[in-house]
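This report refers to the structure that appears directly beneath it.
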Amino acid sequence: MKSMPSNFSAGGLLPLSFYAVSALKAAPRLLGQTLVRETEEGEIRCRIVETESYGGVEDKGSHAYGGRRTARTEIMFGEGGAAYIYLIYGMYHCLNVVTGPQDDPQAVLIRAVEPLTPGDEDLMRAYRGSLARRPMDLSGGPGKLCRALNIDKSLNGVLLHSGDSPLRLEAAGTPAEPPARDDGSDIILAAPRINIAYAAEYAEVPWRFYYQDNPYVSVVDKNRAFLIN
DNA sequence: ACCACGATCGTCT
DNA sequence: GACGATCGTGGTA
């Protein structure tokens, strides 16, 4: 194995301290970590393979740009560790991990996940219906992964570091579930974020992170992506 | 009250 | 590659 994605003990919940950093630091660290979703139908465990940082009041791409503190963005201003979930285009949901201290709006958009086991994949396919053909179609994209995990606004504000939550984060490397492939596909690339042309100069900063050659990644940016590890 | 728009996706050409 | 779906949100009046 080339490198461990985190310094935290494998298999347990990510501790509160994991979230006490900027979104820009947390975004690459979230790659490889395990997202756990408890639903009526069962538990889904998946590996995060693509993230984007939305950090601070100066980021023109962020909902909290300029310190905009409203009913929707309130969760972003809370302490790190909560889920920020919003509706986009009237029909899809997006999942974010809030980071940083109280009153500093930082969040990491989860853009793609991959199921850890065939059982996890079966349940995700059930939620996605007939649309999921290739891996990317199953959960490669923020709206798609929320559909695949049955995530909507009713989970906004859920604490990801609590074992009681229906949505939580565990450290990579559960013994029964090897976190990364052993073939070099845990190489992390950085590239500009997706679909934020309105963010002006912030539209080009390389704040998207994803695993090279991972089939679940939503958009491959061959021209502008570069290695960070 | 009104209105323009979006951290997307699926379909069609 | 282009386009429409669909509605909550935030800015403006």
Side-chain angles (χ1 to χ4, degrees), chain A residues 22-24 26-28 30-31 35 48-78 80 82-100 104-114 124-157 160 167 189-210 215-225:
Chain A
S22 69
L24 190 54
L30 278 163
L31 294 179
L35 181 64
I48 296 171
V49 300
E50 181 183 352
T51 61
E52 279 180 0
S53 165
Y54 288 86
V57 297
E58 69 283 347
D59 179 2
K60 292 179 179 174
S62 171
H63 292 162
Y65 169 61
R68 231 171 43 190
R69 188 165 184 163
T70 65
R72 179 175 68 154
T73 64
E74 185 58 31
I75 290 289
M76 286 184 79
F77 285 81
Y84 168 45
I85 298 162
Y86 63 90
L87 180 68
I88 185 69
Y89 293 103
M91 60 188 93
Y92 297 104
H93 291 275
C94 289
L95 167 67
N96 292 253
V97 175
V98 175
T99 74
D104 184 4
Q106 308 262 340
V108 178
L109 173 67
I110 307 302
R111 286 195 55 90
V113 299
E114 64 176 354
M124 289 167 68
R125 283 186 178 283
Y127 283 121
R128 285 286 286 143
S130 60
L131 295 171
R133 308 183 66 82
R134 302 165 299 172
M136 171 201 293
D137 302 320
L138 178 65
S139 53
K144 289 182 237 178
L145 79 87
C146 282
R147 287 275 170 85
L149 299 179
N150 197 31
I151 291 170
D152 63 23
K153 274 179 69 178
S154 68
L155 295 172
N156 190 38
L160 299 167
L167 187 64
L189 298 181
R193 295 173 293 179
I194 301 299
N195 244 355
I196 52 163
Y198 57 85
E201 70 270 25
Y202 284 88
E204 295 303 318
V205 296
W207 290 350
R208 184 166 72 103
F209 304 93
Y210 60 93
Y216 288 85
V217 167
S218 64
V219 178
V220 175
D221 190 341
K222 291 225 185 290
N223 295 321
R224 298 183 296 175

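First the proteins, then the strands, lettered A, B, ... as listed; each starts at 1.
In this entry the distance linking CZ of A:Arg208 with C1' of B:dT8 reads 14 Å, nearest Å. Remark: P of B:dC9 and CG of A:Asp137 are 10 Å apart, rounded to the nearest angstrom. Atom CG of A:Leu138 and atom P of B:dG10 are 11 Å apart (whole Å). In this structure, the CG atom of A:Asp152 is 15 Å from the C1' atom of C:dC7, given to the nearest Å. A straight line from OH of A:Tyr65 to P of C:dG10 spans 16 Å, rounded to a whole angstrom. Rounding to whole angstrom units, NE2 of residue A:His93 and P of C:dT9 are separated by 10 Å. The nearest whole Å value for the distance from the CD1 atom in A:Ile85 to the P atom in B:dT8 is 16 Å. Atom P of nucleotide C:dG10 and atom CZ of A:Arg69 are separated by 13 Å, given to the nearest angstrom.
DNA chain B contains the following stems of three or more consecutive Watson-Crick or G-U pairs, with both distances under 3.5 Å: B:1-6 with C:7-12, B:8-12 with C:1-5.
Here A:Lys153 does not reach the OP1 or OP2 of C:dC7: none of its side-chain N or O atoms lies under 4.0 Å away. Applying the 4.0 Å criterion to OP1 and OP2 of C:dG10, one finds that A:Thr70 has a side-chain N or O inside that range. Listed pair A:Arg68 / C:dG11 meets the phosphate criterion, a side-chain N or O lying under 4.0 Å from OP1 or OP2.
Between A:Ala203 and A:Pro192, the shortest heavy-atom distance links the atoms O-CB, 3.9 Å.
With sequence neighbours left out, A:Arg125 forms a salt bridge (Lys or Arg N to Asp or Glu O under 4.0 Å) with A:Glu121. For A:Glu74, the salt bridge (Lys or Arg N to Asp or Glu O under 4.0 Å) partners are A:Arg69, not counting sequence neighbours. Listed by chain and number, the residues in a side chain to side chain donor-acceptor pair (under 3.5 Å) with A:Ser22 amount to none (sequence neighbours excluded).
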Please list every donor-acceptor pair under 3.5 Å in which a side-chain atom of residues 83-90 of chain A meets a protein atom from a residue at least two apart or in another chain.
unit_1	atom_1	unit_2	atom_2	d
A:Tyr84	OH	A:His63	ND1	2.7

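For the pair A:Arg193 and A:Tyr54, the cation sits on the ring face: its NZ or CZ lies under 6.0 Å from the ring centre, inside 45° of the axis.
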Hey, what are the protein-to-nucleotides 3-7 of chain B N/O distances that come in under 3.5 Å?
unit_1	atom_1	unit_2	atom_2	d
B:dA7	OP1	A:His63	NE2	2.7
B:dA7	OP2	A:Tyr198	OH	2.3
B:dA7	N9	A:Tyr86	OH	3.2
B:dA7	N7	A:Gly61	O	3.4
B:dA7	N7	A:His63	NE2	3.1
B:dA7	N1	A:Asn96	OD1	2.5
B:dA7	N3	A:Tyr86	OH	3.1

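In this structure, the separation between CE on A:Met124 and NZ on A:Lys144 is 11.5 Å, given to the nearest 0.5 Å. With rounding to the nearest 0.5 Å, the separation of CD in A:Glu50 from CD1 in A:Ile110 is 10.0 Å. In this structure, A:Leu109 CG and A:Leu145 CG are separated by 8.0 Å, a value rounded to the nearest 0.5 Å.
Using a 4.0 Å heavy-atom distance criterion, A:Arg128 is classed as a sugar-phosphate-only contact.
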